[in-house]
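Everything on this sheet refers to the single structure shown next.
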Amino acid sequence: MADDWGTLVAKQEQKLVEKVDTLSIRQPQASSNSSGGGSSSNTAPATNSVPAATPSGDNAAAQAPSQGASGGAAAAAAPGWTEEVEEKEVKKEEASLLHKLLHSGLINSKNDIEVLRKDPNSPLHSVKSFEALNLKPELLKGVYDMGFNAPSKIQETALPTLLADPPVNMIAQSQSGTGKTAAFVLTMLSRVDISQNYPQCLCLAPTYELAIQIGNVVKKMSKHMVGLSIRFATRGERVERGQPLEDHLIIGTPGTVMDWCTRHRALNLENLKVFVLDEADVMISMQGHQDQSVRIQKKLGPGCQMLLFSATYDTQVMNFAAKIVPNDPVIIRLRREEESLENIRQFYIECHSVEDKYRAMCNIYGSISIGQSMIFCHKRKTAAWLAEKMVADGNAVALLTGDLTIEQRAAIIQRFRDGKEKVLITTNVSARGIDVEMVTVVVNFDLPVTMEWNADCETYLHRIGRTGRFGKNGIAINMVDGARSMAILKTIEKHFGRKIVRLDTDDLDEIEKIGS
Ligand SMILES: Nc1ncnc2c1ncn2[C@@H]1O[C@H](COP(=O)(O)OP(=O)(O)OP(=O)(O)O)[C@@H](O)[C@H]1O
């Protein structure tokens with residue numbers, strides 16, 4: 001007898017995961033003691049040299065549930081409201097790494113910088129060019145080699161203060177991709193004296209992977225600074241007990257740095273010139289990191305410049321920041337641009353089963369010309385099932401779910417961004433913060449719900465909302481299958497005060513109209 005729907009789906013998902021697992025993806029490797037002259041790093045995870053992790057047509061067709069099996073039994077066993085939520089929240093450190101791997105350039109915000117400082121009368125300096133910063137020529141060359149023509153918005157305001165003498169402490173917050181890393185790396189590199197062989201700058205990051213990413217920026221920017229020595233203080237790296245380190249710049253995680261200071265007595269922080277704590281918001285979400293960071297901070301000498309960076313700004317982050325940067329810091333903020341539903345036309349379609357949803361969706365895909373689209377499912381199983389079905393029907397789709405590694409996720413999103421697939425099927429793992437500019441149609445195959453199965457309006461906005469940067473028009477299509485999802489839809493409609501229009505997918509004229 002044929003397998004039931006659930007068994008088939010589990011098999012498909014397993015096969016998809018196996019396919020993805022067999023991809024050859026370079027993992028970041030430990031890298032220590034990279035000496036200057038900026039040997040460019042080969043530790044960055046590859047993002048664009050990775051084959052697609054999409055289901056292949058033939059296999060998918062073979063694995064797809066047969067039409068026979070998808071009759072009554074399939075509909076009954078289809079992913080439904082009673083099944084438990086399988087996707088976990090993305091960890092903050094993972095989301096942060098994903099952002100870093102995906103940044104192909106700066107994110108420009110339309111918002112103004114806000115500055116808070118002790119003496120509001122002292123003139124605030126701002127620069128429009130890197131030349132105006134009087135950088136060492138070899139550093140300026142490195143900056144230009146990276147393709148940076150002018151400072152980003154946050155850099156314009158932060159850099160003159162960061163590079164001022166006597167040094168000024170700073171807390172800076174702006175969203176991922178706005179140029180914070182480049183700003184503090186530039187600060188460390190401009191303060192380091194290569195002729196002096198002792199640790200002069202320390203940068204703390206929440207994880208090994210994030211430390212490696214910062215290290216890569218350091219290596220690129222210091223390309224022309226011959227003799228600069230960088231050391232990663234991350235798990236697995238070894239130091240000689242009682243043998244003081246001679247590297248100029250240390251990038252590490254709090255645990256290992258603390259270990260090197262106390263247990264190994266190899267790292268003396270008293271003579272540090274610059275102490276940076278990056279990703280403060282991620283740091284506080286990780287067990288033990290906050291306390292260790294504070295203990296490290298207490299070991300700094302009196303002349304050390306203390307800097308803290310964060311992508312978000314709330315009381316918890318600010319309380320932590322006050323411990324790390326206690327002495328009258330300049331605080332600068334670049335508010336995130338708000339997403340809105342302003343340019344989005346929202347529709348809903350009433351269906352009776354998951355198969356019905358699929359048919360309705362196919363009607364839409366077959367009737368209007370869709371550029372790139374994202375389809376959101378509640379659970380991995382539904383997403384995998386849908387991917388298999390769409391592939392079997394001849395569509396080029398990518399599947400992005402939470403069981404993939406960060407590098408695999410980044411590679412899939414990159415391929416989609418490059419237009420290699422036109423449809424990205426996903427769960428909430430990719431809903432947050434990932435800007436895929438060219439997506440014009442978003443399908444909520446399942447409406448977003450919280451763990452308590454209430455309408456998740458915030459996630460709805462993240463899925464379909466646009467910031468001013470992507471002010472293009474968009475279409476959102478919501479699949480509703482039953483009273484419960486209808487109630488959720490109504491809550492969302494009420495919450496945003498914007499009408500969600502019913503669409504009859506059997507009326508092809510009506511569907512064609514939405515595409516025009
Ligand atoms: N002045 C600049 N001109 C052009 N590109 C820049 C500039 N500064 C930074 N970038 C590039 O913009 C992207 C984001 O910069 P950066 O990583 O410094 O931002 P961030 O705010 O630290 O974000 P994240 O925390 O996610 O790394 C990177 O690709 C970086 O190389």
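Excluded from the calculations below are hydrogen atoms, water molecules and symmetry mates; all remaining heavy atoms, backbone and side chain alike, are included.
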Compare every heavy atom of Ile332 with every heavy atom of Ile154, then report the nearest pair and how far apart it is.
CG1-CD1, 3.9 Å

Are any side-chain N or O atoms of Asn169 and backbone N or O atoms of Pro329, one a donor and one an acceptor, separated by less than 3.5 Å?
no

Drop me the distance from Phe309's CZ to Ile324's CD1, to the nearest 0.5 angstrom.
13.5 Å

Whether the side chain of Ser340 engages the backbone of Glu342 through a donor-acceptor N/O pair (distance < 3.5 Å, no angle test) should be reported.
yes

Evaluation steps, side chain to side chain contact (heavy atoms under 4.5 Å, CB included), between Ile251 and Arg231
CA-CA 6 Å; Ile251 306 166; Arg231 184 77 167 224; over 6 Å; no

Between Gln372 and Lys422, is there a side-chain donor-acceptor contact under 3.5 Å, judged purely by atom types and distance?
no

If you round to the nearest 0.5 Å, how far is CG of Leu204 from CG of Asp278?
9.5 Å

Donor-acceptor under 3.5 Å (His248 side chain, Ser229 main chain):
yes

Pairwise distance CZ(Arg380) to OG1(Thr426) - rounded to 0.5 angstrom:
10.5 Å

Taking every heavy atom of Ala205 against every heavy atom of Pro254, the minimum-distance pair comes out as O-CD, 3.5 Å

Exam field: side chain His289 to backbone Pro206, donor-acceptor pair closer than 3.5 Å:
yes

How about Ile214 and Val276: do any of their side-chain heavy atoms sit closer than 4.5 Å?
no

Measuring only between side-chain heavy atoms, which start at C-beta, is Phe184 closer than 4.5 Å to Leu162?
no

Using a 4.5 Å cut-off on heavy atoms from C-beta on, say whether the side chain of Met286 contacts that of Thr207.
yes

Determine yes or no for a side-chain-to-main-chain donor-acceptor pair under 3.5 angstrom, with Thr382 supplying the side chain and His378 the backbone.
no

Within the distance-only criterion (no hydrogens, no angle test), does the side chain of Lys136 pair as donor or acceptor with the backbone N or O of Leu189 below 3.5 angstrom?
yes

Test item: side-chain donor near acceptor, Gln408 and Thr405, under 3.5 Å:
yes

How close do Ala233 and Ile250 get, counting heavy atoms only, and between which atoms?
CB-CG2, 3.8 Å

How about Arg191 and Gln305: does a side-chain donor come under 3.5 Å of a side-chain acceptor?
yes

Output the distance between atom SG (Cys457) and atom CD1 (Ile492), rounded to the nearest 0.5 Å.
5.5 Å

Kindly indicate whether the side chain of Phe275, heavy atoms from C-beta on, has any atom under 4.5 Å from the side chain of Leu307.
no

Applying salt bridge (Lys or Arg N to Asp or Glu O under 4.0 Å), run through Glu421 and Arg415 and close with a yes or a no.
CA-CA 7 Å; Glu421 280 91 25; Arg415 279 182 60 85; 2.9 Å; yes

Heavy atoms only: give me the nearest Leu135-Ser190 pair and the separation to one decimal.
CD2-CB, 4.4 Å

For Tyr144 and Phe130, take the angle between the two ring planes, folded into 0 to 90°, and tell me which bin it lands in: parallel under 30, tilted 30 to 60, perpendicular over 60.
perpendicular

Pair Tyr460, Phe496 - check side chain to side chain contact (heavy atoms under 4.5 Å, CB included), show working.
CA-CA 10 Å; Tyr460 185 83; Phe496 293 106; 3.7 Å; yes

Treating Asp193 as the side-chain partner and Ser195 as the backbone partner, does any N or O pair qualify as donor plus acceptor under 3.5 Å?
yes

Beyond-backbone contact of Thr187 with Leu163, side-chain heavy atoms, under 4.5 angstrom:
yes

Test the Arg333-Tyr313 pair against the cation-pi criterion, namely NZ or CZ under 6.0 angstrom from the six-membered ring centroid and within 45° of the ring axis.
yes

Any donor-acceptor pair under 3.5 Å from Gln173 side chain to Ala311 backbone:
yes

Glu131, CD atom: more than 12 neighbouring heavy atoms under 6.0 Å:
yes

Check this for me, if you would: do Glu156 and Lys128 make a salt bridge, where the nitrogen-to-carboxylate-oxygen distance has to be below 4.0 angstrom?
yes

Might you point out which heavy atoms bring Ser373 and Val439 nearest each other, and give the distance in Å?
CA-CG1, 4.1 Å

Might you point out which heavy atoms bring Ser174 and Leu334 nearest each other, and give the distance in Å?
CB-CB, 3.6 Å

Is there a side chain to side chain contact (heavy atoms under 4.5 Å, CB included) between Gln290 and Lys323? Walk through the geometry before answering.
CA-CA 10 Å; Gln290 190 165 345; Lys323 288 186 202 154; 4.2 Å; yes

Are Thr312 and Val317 close enough that some pair of their side-chain heavy atoms sits under 4.5 Å apart?
yes

Heavy-atom donor-acceptor pair, Thr253 side chain to Thr234 backbone, under 3.5 Å:
no

With side chain to side chain contact (heavy atoms under 4.5 Å, CB included) as the test, would you mind laying out the steps for Tyr198 and Glu270 before giving the verdict?
CA-CA 11 Å; Tyr198 67 90; Glu270 271 169 40; over 6 Å; no

Is it the case that more than 12 heavy atoms not belonging to Gln196 sit under 6.0 Å from its CD atom?
yes

Taking the basic N atoms (NZ, or NE/NH1/NH2) and the acidic carboxylate oxygens, is any pair closer than 4.0 Å for Asp145 and Lys223?
yes

To the nearest 0.5 Å, atom SG of Cys304 lies from atom CD of Gln200 at 11.5 Å

Strictly distance-based, threshold 3.5 Å: is any side-chain N or O of Gln243 a donor or acceptor partner for the main-chain N or O of Glu240?
no

Indicate yes or no: at least one non-hydrogen side-chain atom of Met170 is less than 4.5 angstrom from one of Val325.
no

CG of Asp247 to SG of Cys201: how many Å apart, nearest 0.5 Å?
12.0 Å

Is there a side-chain contact between Leu116 and Val330 (heavy atoms, below 4.5 Å)?
no

